[in-house]
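Worksheet for the structure shown next.
Excluded from the calculations below are hydrogen atoms, water molecules and symmetry mates; all remaining heavy atoms, backbone and side chain alike, are included. Keep in mind it's a predicted model, so treat the numbers as computed, not measured.
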Amino acid sequence: MNNTLAIKNNSEIIKVIESRNAQMRMLSIYVIAFTLLLGIFNIMLGEVLHQKVHHTGGQLAKQVYDLKIDVITERDVIAALAENHGFMLEPHEAPLHFSAFMAEESEVFSYKSVSLKLYHWPSWIVESYLFILLNLILIGVAVWSYRWWCVLFKNKLKPVLSAPQDDLPFTLAKSVEDKIEEPHIDKSNQELKQLPPENALTTLYAIQNNYNHLFALFYCGQPFPHNIDLENHFKLVIVKGFKELSKISVKLLPSGGLAITLENISQTDVDNYMKRLHQIIFQAALVYRGDLSRKDVKVGVCNYRDGADQTIVYQLTKSALVQAKQSAWQHIQRIPFNYTRSIELAEGADTLPDYITKKKFMLFFQPLFDLATGEMLQHEALIRIRHKSLGMLSARQFIPQLTNETAIVQLDQAVVEQVIKLLEAEPSSLTVSINVHPLNWFSRQFWLWFDKKMRSFKGSNKLQFEILEDDFYQHLPKLTSALSAIKAISGTVLIDNVTTSNKIGLLEPYKIVKGLKLSFELIHNIDSNLKQQKAVRQIVLQSTRINLPVYGVGVETQLELNTLKKLGVVAAQGFYFTEPLQEFNQVTSS
């Protein structure tokens with residue numbers, strides 16, 4: 001087995017070497033070809049300029065003829081005219097060291113009965129600025145072309161990761177020798193990875209790399225001053241704090257947090273590095289926020305090995321950060337990457353619907369609070385699956401694995417049924433908001449079932465259904481059945497993930513729509529982003545004209561909350577108020 005792996009790795013190295021040799025051969029050919037082309041260009045340019053000189057001399061001879069100047073007796077006049085046109089009647093002595101290159105050229109220019117023998121400097125001297133400018137342009141184009149050619153060539157030798165989603169902070173390393181680089185998590189189980197030089201022997205002899213990599217997300221409960229470069233500050237501090245590591249990457253995310261990658265850590269040292277990371281981040285934060293306590297600095301960590309799926313690692317790290325933020329005394333949380341996690345989810349997609357049909361799920365409830373009175377207005381139902389081996393899975397993790405239409409219908413049916421049971425057991429004056437799967441908004445099967453189910457439920461007017469902004473506007477004609485079914489039970493609709501005010505006026509005829517939920521991207525760090533504030537202000541202005549309230553989601557800080565109040569947002573939800581609660585009666589009794 002080891003021999004086979006060694007042979008395979010040898011063949012890969014040989015392929016890379018051959019590719020490099022081919023690249024060098026192509027470079028030699030490129031240089032030779034460019035040199036020839038540059039020489040030909042300069043010869044042609046010299047010829048064009050020589051023709052210009054010849055034409056000018058002819059014009060001078062014509063001028064002498066027209067003025068009827070005697071060539072022999074009036075040489076002073078001819079000399080003045082010649083000098084004015086860049087010629088000389090007598091050769092000048094060239095500088096000693098350049099006499100071989102700067103000797104004057106002589107030509108006889110004639111027009112009818114006038115013949116003039118004139119001297120002039122070589123065209124490459126007279127028009128030297130033109131030669132230099134054009135040659136520099138050509139050389140610049142050649143260098144630029146070669147660099148892009150190298151990029152295209154290298155892309156064939158090493159893997160290129162798919163583009164990140166949302167704020168996914170993983171990119172390929174710019175260089176295997178860089179100490180500081182962009183955060184990245186490779187996919188070596190799917191594609192070849194370009195290994196650093198120190199790992200070449202390991203690959204050659206098929207020795208497995210048992211080192212771990214740490215990916216961390218950092219969150220601070222207090223805002224930093226706006227005039228500092230957080231990314232560079234933390235990058236320098238972290239690199240200095242982990243001098244023994246060969247690969248460290250730090251990146252500031254659009255959401256305002258920090259993404260940190262520490263590579264090649266021994267399994268036994270993972271916990272120590274995790275604690276050191278939290279300490280270094282805390283000390284670095286104190287430089288700008290001396291009032292911070294350790295509980296204000298939260299870090300989520302995922303340790304993984306080569307071959308880890310970047311999306312799963314990122315999700316696990318975010319989950320770890322959420323746990324750290326929810327804990328009053330554990331400020332850093334770690335969730336190890338289980339390689340089988342993504343594989344098991346993908347391979348077990350056919351069994352995931354069983355968790356729904358067998359009621360192996362839980363509903364959490366995210367309250368929505370009135371920003372003026374602090375009262376609870378409604379709550380949003382969130383589903384979680386209790387997987388036998390992967391633990392608690394959020395909707396974002398398992399819903400993408402549901403590709404069967406029947407399974408997608410069963411998912412929302414199960415959520416609606418569970419909400420009905422809870423409302424019947426705990427009657428409440430508050431509305432329960434349900435996120436309907438985008439496909440189910442157009443599912444005749446789901447809405448026929450819904451109509452039948454609601455006939456025996458007396459509290460149906462307490463149900464609200466959320467639909468994405470893009471889906472509502474783009475597919476409005478196809479939503480007739482769904483909107484009619486909701487209207488029939490006196491239910492309402494909430495437009496979710498609102499990002500623009502451009503189409504809000506179209507909602508006026510639809511009295512069933514009772515509110516707008518802003519996208520998380522507009523909310524996060526809105527206190528320091530004027531562009532986001534302007535967008536929210538426009539949304540609030542347009543929605544006020546048709547009497548629709550605007551809600552905020554994902555509120556995490558007091559500054560965000562205060563800004564939303566000033567902009568006219570009437571209600572909000574998020575970790576600033578409370579985390580999602582597991583029991584419905586906890587929400588309704590608050």
Side-chain angles (χ1 to χ4, degrees), residues 167 219-227 253-257 289 291-292 295-296 298 322 325-326 365-380 382 429-433 435 464 466 468-469 492-505 507-508 513-581 586-588 590:
D167 57 345
Y219 170 82
C220 182
Q222 301 295 332
F224 289 97
H226 301 307
N227 59 343
L253 303 179
S255 60
R289 289 302 303 254
D291 58 338
L292 285 179
K295 67 179 182 179
D296 293 319
K298 302 291 186 178
V322 170
K325 290 164 68 175
Q326 292 177 351
F365 297 92
Q366 181 74 63
L368 180 75
F369 294 92
D370 189 303
L371 298 187
T373 65
E375 295 181 357
M376 190 182 304
L377 298 180
Q378 62 184 48
H379 25 255
E380 179 183 357
L382 308 172
S429 60
L430 301 181
T431 299
V432 178
S433 187
N435 287 281
Q464 186 174 69
E466 298 188 16
L468 296 175
E469 177 190 44
T492 57
V493 171
L494 197 64
I495 307 298
D496 192 17
N497 199 42
V498 176
T499 59
T500 177
S501 61
N502 296 340
K503 298 182 179 180
I504 291 179
L507 298 174
E508 186 172 7
V513 176
K514 295 300 181 180
L516 308 176
K517 267 191 176 181
L518 299 172
S519 69
F520 177 77
E521 288 73 17
L522 285 180
I523 299 297
H524 197 65
N525 287 334
I526 189 173
D527 54 286
S528 60
N529 192 307
L530 295 179
K531 185 177 180 180
Q532 292 173 219
Q533 293 176 22
K534 181 179 179 180
V536 171
R537 187 180 292 107
Q538 289 297 322
I539 292 172
V540 171
L541 177 63
Q542 295 298 326
S543 62
T544 302
R545 292 175 178 174
I546 56 176
N547 297 319
L548 284 181
V550 177
Y551 307 143
V553 299
V555 178
E556 297 181 342
T557 68
Q558 180 70 47
L559 292 175
E560 291 176 352
L561 180 63
N562 293 340
T563 304
L564 292 176
K565 286 182 179 179
K566 293 178 181 178
L567 294 174
V569 175
V570 299
Q573 63 187 54
F575 283 105
Y576 174 80
F577 304 99
T578 179
E579 70 276 6
L581 304 176
Q586 284 184 301
V587 181
T588 56
S590 298

Does some side-chain heavy atom of [Y] sit less than 4.5 Å from a side-chain heavy atom of [X]?
X: Gln533; Y: Ile526; answer: yes
X: Tyr551; Y: Val570; answer: yes
X: Tyr576; Y: Leu561; answer: yes
X: Gln558; Y: Asp527; answer: no
X: Glu521; Y: Thr499; answer: no
X: Gln573; Y: Lys517; answer: yes
X: Val432; Y: His379; answer: yes
X: Thr492; Y: Val513; answer: no

Residue pair [X] / [Y]: nearest heavy atoms and the distance that separates them:
X: Gly552; Y: Leu368; answer: O-CD1, 4.3 Å
X: Val569; Y: Val536; answer: CG2-CG1, 4.0 Å
X: Ala571; Y: Leu377; answer: CB-CD1, 3.6 Å
X: Asn497; Y: Glu469; answer: O-OE1, 3.5 Å
X: Ser543; Y: Val550; answer: OG-CG2, 3.0 Å

Should the heavy atoms of other residues, nucleotides or ligands under 6.0 Å from CD of Glu508 be counted, would the total exceed 12?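 Result for CD/Glu508: open.
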Taking atom [atom1] of [X] and atom [atom2] of [Y], what is their separation to the nearest 0.5 Å?
X: Thr544; Y: Ile539; atom1: OG1; atom2: CD1; value: 11.5 Å
X: Ile504; Y: Ser501; atom1: CD1; atom2: OG; value: 5.5 Å
X: Arg537; Y: Gln542; atom1: CZ; atom2: CD; value: 13.5 Å
X: Asn529; Y: Ile523; atom1: CG; atom2: CD1; value: 11.5 Å
X: Asp296; Y: Cys220; atom1: CG; atom2: SG; value: 6.0 Å
X: Tyr219; Y: Thr557; atom1: OH; atom2: OG1; value: 6.0 Å

Test applied, side-chain contact (heavy atoms from CB on, under 4.5 Å); reference residue, Asp496; option that passes from Leu516, Leu518, Leu468: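 When side-chain contact (heavy atoms from CB on, under 4.5 Å) is applied between Asp496 and each of Leu516, Leu518, Leu468, only Leu468 qualifies.
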Partner set under side chain to side chain donor-acceptor pair (under 3.5 Å) for Asn435, not counting sequence neighbours: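 Counting only residues at least two positions away or on another chain, Asn435 forms a side chain to side chain donor-acceptor pair (under 3.5 Å) with Glu380.
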[X] side chain to [Y] main-chain N or O, any donor-acceptor pair under 3.5 Å?
X: Glu556; Y: His524; answer: no
X: Gln538; Y: Lys534; answer: no
X: Asp370; Y: Thr373; answer: yes
X: Arg289; Y: Pro223; answer: yes
X: Glu560; Y: Asn525; answer: yes

Intermediate values then yes/no, side-chain contact (heavy atoms from CB on, under 4.5 Å), Met376 and Leu430: CA-CA 8 Å; Met376 190 182 304; Leu430 301 181; 3.7 Å; yes
Does a side chain donor of either Ser433 or Glu466 reach within less than 3.5 Å of an acceptor in the other side chain?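 Yes, Glu466 and Ser433 have a side-chain donor paired with an acceptor closer than 3.5 Å.
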